[in-house]
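Please read the structure below before turning to the comments.
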Amino acid sequence: LVGFDHQLLSEAMAIDPNLNFAVLPNGIRSAESAAALNSRGFEILCHLPMEPEGFPRVSPGEGAILTSMSDGDIKEATRRNIGGVPHARGVNNHMGSRATADRRVMRDVLEALPRGDYFIDSKTGSGSVAESMARAMNIPTASRDIFLDDVQTEPAIRRQLAELVAHASAAGVAFGIGHIYPVTVRVLTAEIPALRARGYRFLRASQAVR
């Protein structure tokens with residue numbers, strides 16, 4: 001989740017050249033961060049803000065895709081958000097537990113994607129239809145397997161990383177999502193070299209979606 005002040009972006013970029021970065025379109029540093037990431041050769045996603053359960057008490061931020069919007073407004077907002085993240089190759093959802101469970105909303109979002117873009121379901125709610133709908137529409141897609149840093153402590157993140165490795169071992173590929181928290185950057189910086197030595201590799205999201 002990139003696009004704000006005081007993030008350890010340089011440190012995160014040093015973890016692995018195939019790490020993927022999701023940039024929130026309405027962040028104060030979004031365009032600047034996307035340009036920096038692109039100049040270093042990183043793959044970028046638009047981190048599309050979408051309506052969560054509990055909205056409006058829980059807010060996904062400015063410009064979000066809401067279930068109350070018309071089809072035309074959803075498509076327009078999707079295109080505007082993607083346009084706010086220069087060089088994005090695909091999209092994943094920021095929040096969105098309510099919106100990703102709504103077939104009409106997801107159809108509109110997916111129809112608004114630029115040709116060739118992929119959609120990765122962050123799987124913020126168990127009722128999400130995003131991956132299944134994308135697959136039915138022949139849009140490259142996947143779903144998140146593991147959240148790395150819901151609990152922001154080193155032991156918790158190490159456990160989640162071990163779960164991600166187990167998923168990758170079993171399935172051949174696994175999708176993990178984390179934030180540029182100092183503790184997350186610290187754990188990944190320490191652990192990734194050992195994983196590479198064991199034969200594990202990061203993939204660009206465009207190579208991993210199906």
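Here the structure is a predicted model, which is why all the values come from computation and not from measurement.
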Is Arg204 close to Asn20 at the side-chain level, that is, under 4.5 Å between some pair of heavy atoms?
yes
Under a single-linkage definition using a 4.5 Å side-chain heavy-atom cutoff for Ile, Leu, Val, Met, Phe, Trp and Tyr, are Leu164 and Phe202 assigned to the same hydrophobic cluster?
yes
Under 3.5 Å donor-acceptor, Gln160 side chain and Phe147 backbone
yes
CA sep, side-chain torsions, deciding dist, call: Phe119, Val209, side chain to side chain contact (heavy atoms under 4.5 Å, CB included):
CA-CA 8 Å; Phe119 189 95; Val209 293; over 6 Å; no
Joint hydrophobic cluster, Ile192 plus Leu9, side-chain heavy atoms closer than 4.5 Å:
yes
Kindly give the heavy-atom pair with the smallest separation between Leu110 and Ala134, and that separation in Å.
CD1-N, 3.6 Å
Is it the case that the side chain of Glu32 and the backbone of Arg29 share a donor-acceptor pair, with hydrogens and angles ignored and the cut-off at 3.5 Å?
no
If I compare all heavy atoms of Ala77 with all of Met69, which pair ends up nearest, and what's the gap?
CB-CE, 3.8 Å
Exercise: do Thr67 and Asp102 side chains pair donor with acceptor under 3.5 Å
no
State, with a plain yes or no, whether a side-chain heavy atom of Met137 is found less than 4.5 Å away from one of Glu111.
yes
Would you confirm whether Ser97, through its side chain, and Pro52, through its main-chain N or O, come within 3.5 Å as a donor-acceptor pair?
no
Glu51 vs Val105, test: side chain to side chain contact (heavy atoms under 4.5 Å, CB included). Steps then yes/no.
CA-CA 10 Å; Glu51 181 180 342; Val105 172; over 6 Å; no
Going by heavy atoms in the side chains, are Tyr181 and Ile157 under 4.5 Å from each other?
no
Nearest 0.5 Å, please: how far is CG in Asp149 from CG in Leu161?
11.0 Å
Close side-chain approach of Arg103 and Arg107, heavy atoms under 4.5 Å:
no
With the threshold set at 4.0 Å, does a side-chain nitrogen-carboxylate oxygen contact exist between Glu131 and Arg135?
yes
Treating Ser59 as the side-chain partner and Pro56 as the backbone partner, does any N or O pair qualify as donor plus acceptor under 3.5 Å?
no
When every non-hydrogen atom of Arg144 is compared with those of Ser122, the smallest separation belongs to NE-O, 3.1 Å
Where do Pro86 and Ile44 come nearest, in terms of heavy atoms and distance?
O-CD1, 4.1 Å
For Ala174 against Ala168, the heavy-atom pair lying closest together
CB-N, 3.6 Å
Test applied, side chain to side chain donor-acceptor pair (under 3.5 Å); reference residue, His47; option that passes from Asn92, Asn93, Asn81:
Asn92
When you check the gap from the basic side-chain N to the acidic O, do Arg104 and Asp108 get nearer than 4.0 Å?
yes
Measuring from Met50:CE to Ile74:CD1, what's the distance to the nearest 0.5 Å?
8.0 Å
